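Presented below is the structure to which this report refers.
In this text the structure is predicted, and so the values were computed from the model without any measurement.
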Amino acid sequence: MSDDPTIEAPEVEDTEDAYSLGRKAVAQILFAVDRDDREELVALMEPLHPADIADLLEQINAFDRMRLIKLYDKEFDGDILSELDESIREEVIGLLSPEVLADAVRDLESDDVVDLLEDLEQGQQDAILDALEDSDRVAVQQSLTYPEYSAGRLMQREVVMAPEHWNVGEAIDYLRNSDYLPDQFYHIVLVDPRLRPVGNVTLGKLMGSRREVMLQSLVEDTFHVIPVAQYEGEVAYAFNQYHLISAPVVDENERLVGVITIDDAMAVLDEEHEEDVLRLAGVDSESSLSDRVRETTKRRFPWLLVNLITSILASLVIAQFENAIATIVALAVLMPIVASMGGNAGTQSLTVAVRALATKDLTGSNVWRVIRREVIVGLINGIAFAVIMGIVGYVWFGSLALGGVIAAAMVINLVVAGLAGTAIPIVLEKLGIDPALASGAFVTTVTDVVGFFAFLGLAVLVLL
C-alpha cells in the first residue's frame, strides 16, 4: 500500500473496552499492515498479551495473517505460538524465518515446546528442535516418547526440588544462587535420596519461616503424585478435585521427572469441556473458526449422515401408519409435537448425564438413583404437558379421544426420554465409546421412534 500521508486510519467505535483486543485495535493494526508501517505495528502490538495476539491471528484472513507476521518479524514471541489454535499453528510457524522461530522457542518452557511439536510435520519439528540448547532438546525429545495425551506430554521438565533434610535457609540460599529457575513455579518439591517426591512446600510458607525451620515441617497437607503415563484428563480432574496448584510427575520407578502446574491442567479441563459441547452437537472436537470450507464440510458430513439415517428410521415408523394419517389428518398435525418434546427432554437428561460422567459424579454407586430420578422427572413433566396437550387437542379438533391419545403419548415419550437420556451415555461409556460424541444420535432416534409409535399406535387403537 502507498505511504501517502493523506490516508487516515479508520475510525472504529470500540465498544469492547473490557477486552484489550477490541475492534478499534484490530482496525488500527490492519491499517498499519496496509501501510507497511512496521514501527506503528510494533507500537500497537507491544501492549497486547500473547493470547490477544494469537486471537488476532486467528480472526484475520490468511492473506492479512501472512502480511502481519512478515512485517512483525523479529518481535514475534514464542508465547504467541503456545496460545495459537492448532488449526493455524503450523501455518504460522511456516511463515516465520528460521532465526525468528529459533528465538521464539528458546524462551519457552519444555511443556510448551512439546505442545508445539505434537501436531507439526517432521520438517518443522526438526527446525524447532535444532533451535534448542542441547539439554533442552534432550528433555523435549524424551517427553515426546511418552504416550500422547499423557502426563509426560503435559509436564514441564524444569523442577525446583530440594532434599527432604534441608531447612528454610538452605533452600533460600539454593534458590538465590541458582543460575536458572522456571519462569513460574509455586512449590519446592522435597525428594528423598532416591529422587522420590515426599512433599510440597509453598513459596509463601518458605519465605514466611525462619531460616532454621526444617522444610519437612512446612509440607502441605494435600500432596498428590501423578504417574507419567496417566491420561491428561485424569490429571485435570485431580487438579480440580483436590484444588492442586502444582503436582510432581514420577516415572515407573517413582522418581521425580517433572511437574504439572495448574495453568496446564486447567487448559486441559477447558479443552475437555469444549470437546463435550462440540460433540454433543455432532461437531468434530478439532473444529474451529479458522478451518477452511472443505475441512469443515468433511468433518460435519459424517454426523449429518448419521442423522439422516436415524430420521429415515423414524419415517419408516410413520409409514406403518400411513392409512391412519390419511384418515385422520389431525394426526399429521400433532405428531411432531410429541417427538419434539421427547427429543428436548432426552437432550436435557443426556447433557446432565454426559457432564456427570466427565466429572465422575455419575458412578456405579449412584447410577440407579440418577436413572430413577430422571424417569420420575420425565413422568411428572409428561403428566403436566399431557394435561396441556389434552386440552389443546380437544379444543383444536373437538375430539376428547384425540386429546387423550396425545396426552398418553406425551407421558410415554417423556418417561422414555428420561430413561434413554441417562442410560444410553452410561452404556456407551461401558462399551468404550465416547458418550458425548455418540449419545445424541441414539437418544434422538429413540425419542422419535417411541414418540411416533406411541402416538400413532394409540390413535389406531382408540380412534379407528
- Under-4.0 Å salt bridge between Glu58 and Arg65: no
- Item | Nearest-0.5 Å distance that lies between atom OG in Ser209 and atom CG in Leu215 | 9.0 Å
- Query: Going by heavy atoms in the side chains, are Gln184 and Thr261 under 4.5 Å from each other?
  - Reply: no
- Query: Looking at Asp448 and Ala339, what are the two nearest heavy atoms and their distance?
  - Reply: OD1-CB, 3.7 Å
- Query: Could you state the interatomic distance from CD1 (Ile226) to CD (Glu232), rounded to the nearest 0.5 Å?
  - Reply: 11.5 Å
- Message: side chain to side chain contact (heavy atoms under 4.5 Å, CB included), that's the test. Do Val92 and Phe76 meet it? Break it down for me.
- Response: CA-CA 11 Å; Val92 170; Phe76 201 94; 3.7 Å; yes
- Pairing residues for Phe397 by the side-chain contact (heavy atoms from CB on, under 4.5 Å) criterion, not counting sequence neighbours: Ala330, Val333, Leu334, Leu402
- Query: Does atom CD of Glu322 have more than 12 heavy-atom neighbours from other groups under 6.0 Å away?
  - Reply: no
- Message: Heavy-atom count check: over 12 atoms from other residues, nucleotides or ligands less than 6.0 Å from Gln241 CD?
- Response: yes
- Query: Where the side chain of Asn253 meets the backbone of Arg255, is there a donor-acceptor pair that is under 3.5 Å apart?
  - Reply: no
- Side chain to side chain, Leu57 and Leu84, heavy atoms closer than 4.5 Å: yes
- Any side-chain heavy-atom pair from Gln216 and Val219 closer than 4.5 angstrom? yes
- Quick one: are Val228 and Arg153 in side-chain contact, heavy atoms under 4.5 Å? no
- Query: Any idea which heavy atoms bring Thr422 and Pro425 closest together, and the distance?
  - Reply: O-CD, 3.3 Å
- Message: Using 0.5 Å steps for rounding, measure from the CD atom of Glu90 to the CG atom of Leu116.
- Response: 11.5 Å
- Message: Run Val367 and Thr363 through side chain to side chain contact (heavy atoms under 4.5 Å, CB included) and show every step you take.
- Response: CA-CA 6 Å; Val367 60; Thr363 63; over 6 Å; no
- Query: Hey, are the side chains of Leu117 and Ser143 touching, using non-hydrogen atoms and a 4.5 Å cut-off?
  - Reply: no
- Would Leu175 and Leu181 satisfy side chain to side chain contact (heavy atoms under 4.5 Å, CB included), going step by step from the backbone distance to the final call? CA-CA 8 Å; Leu175 294 177; Leu181 290 174; 4.0 Å; yes
- Flag if over 12 foreign heavy atoms under 6.0 Å of OH, Tyr394: no
- Message: Show every ring pair (Phe, Tyr, Trp, His ring centres under 6.0 Å) that has at least one partner inside residues 233-265, sequence neighbours left out.
- Response: His224-Tyr242
- Short side-chain to backbone donor-acceptor contact, Asn61 and Asp64, under 3.5 Å: yes
- More than 12 foreign heavy atoms under 6.0 Å from OH of Tyr186: is that the case here? yes
- Going through the checks in order, is the salt bridge (charged side-chain N to carboxylate O under 4.0 Å, His left out) test met by Asp115 and Arg89? CA-CA 11 Å; Asp115 185 50; Arg89 186 183 289 167; 3.5 Å; yes
- Donor-acceptor pair, Arg157 side chain versus Gly258 backbone, under 3.5 Å? no
- Message: Ignoring hydrogens, what is the shortest heavy-atom contact between Ser82 and Leu108? Give both atom names and the distance.
- Response: OG-CD2, 3.6 Å
- Task: Could you tell me whether a side-chain N or O of Ser340 sits under 3.5 Å from a main-chain N or O of Pro336, the two making a donor and an acceptor?
- Result: no
- Message: A side-chain contact here means heavy atoms from C-beta on lying under 4.5 Å apart; do Ile412 and Val338 qualify?
- Response: no
- Message: Quick check: closest heavy atoms across Ala171 and Leu206, and the distance to 0.1 Å?
- Response: CB-CD1, 3.9 Å
- Task: Would you mind reporting whether Ile188 and Met161 have side-chain heavy atoms less than 4.5 Å apart?
- Result: no
- Message: Using every non-hydrogen atom in the two residues, find where Val268 and Ala236 come nearest and quote the distance to one decimal.
- Response: CG1-CB, 3.9 Å
- First locate atom CD of Gln320, then atom OG of Ser315, and finally report the distance between them rounded to the nearest 0.5 Å. 11.5 Å
- What residues, two or more places apart in sequence or in another chain, satisfy side-chain contact (heavy atoms from CB on, under 4.5 Å) together with Asp136? Leu132, Glu133
- Query: Is a side-chain donor or acceptor of Glu164 paired with a backbone partner of Val198 at a separation under 3.5 angstrom?
  - Reply: no
- Item | Where Ala345 and Leu414 come nearest, the two heavy atoms and their spacing | CB-CG, 4.1 Å
- Task: Report the C-alpha separation of Lys205 and Glu220 in whole Å, then their side-chain angles, then the decisive distance to 0.1 Å, and conclude whether the salt bridge (charged side-chain N to carboxylate O under 4.0 Å, His left out) test is met.
- Result: CA-CA 9 Å; Lys205 284 188 176 180; Glu220 286 193 301; over 6 Å; no
- Task: Mind checking the CD1-CZ spacing from Ile328 to Phe321? Nearest 0.5 Å is all I need.
- Result: 12.0 Å
- I would like to know whether Leu244 and Ile262 meet side chain to side chain contact (heavy atoms under 4.5 Å, CB included); could you show each step before the answer? CA-CA 7 Å; Leu244 304 176; Ile262 189 170; over 6 Å; no
- Can you find a heavy atom in the side chain of Leu56 that is under 4.5 Å from one in the side chain of Met45? yes
- Task: Look only at the side chain of Thr145 and the backbone of Gln142, and say whether a donor-acceptor pair between them is shorter than 3.5 Å.
- Result: yes
- Message: Measuring from atom CG of Asp264 to atom CD of Gln156, what distance do you get when rounded to the nearest 0.5 angstrom?
- Response: 7.0 Å
- Task: Return yes if a side-chain donor-acceptor contact under 3.5 Å exists between His187 and Ser246, otherwise no.
- Result: yes
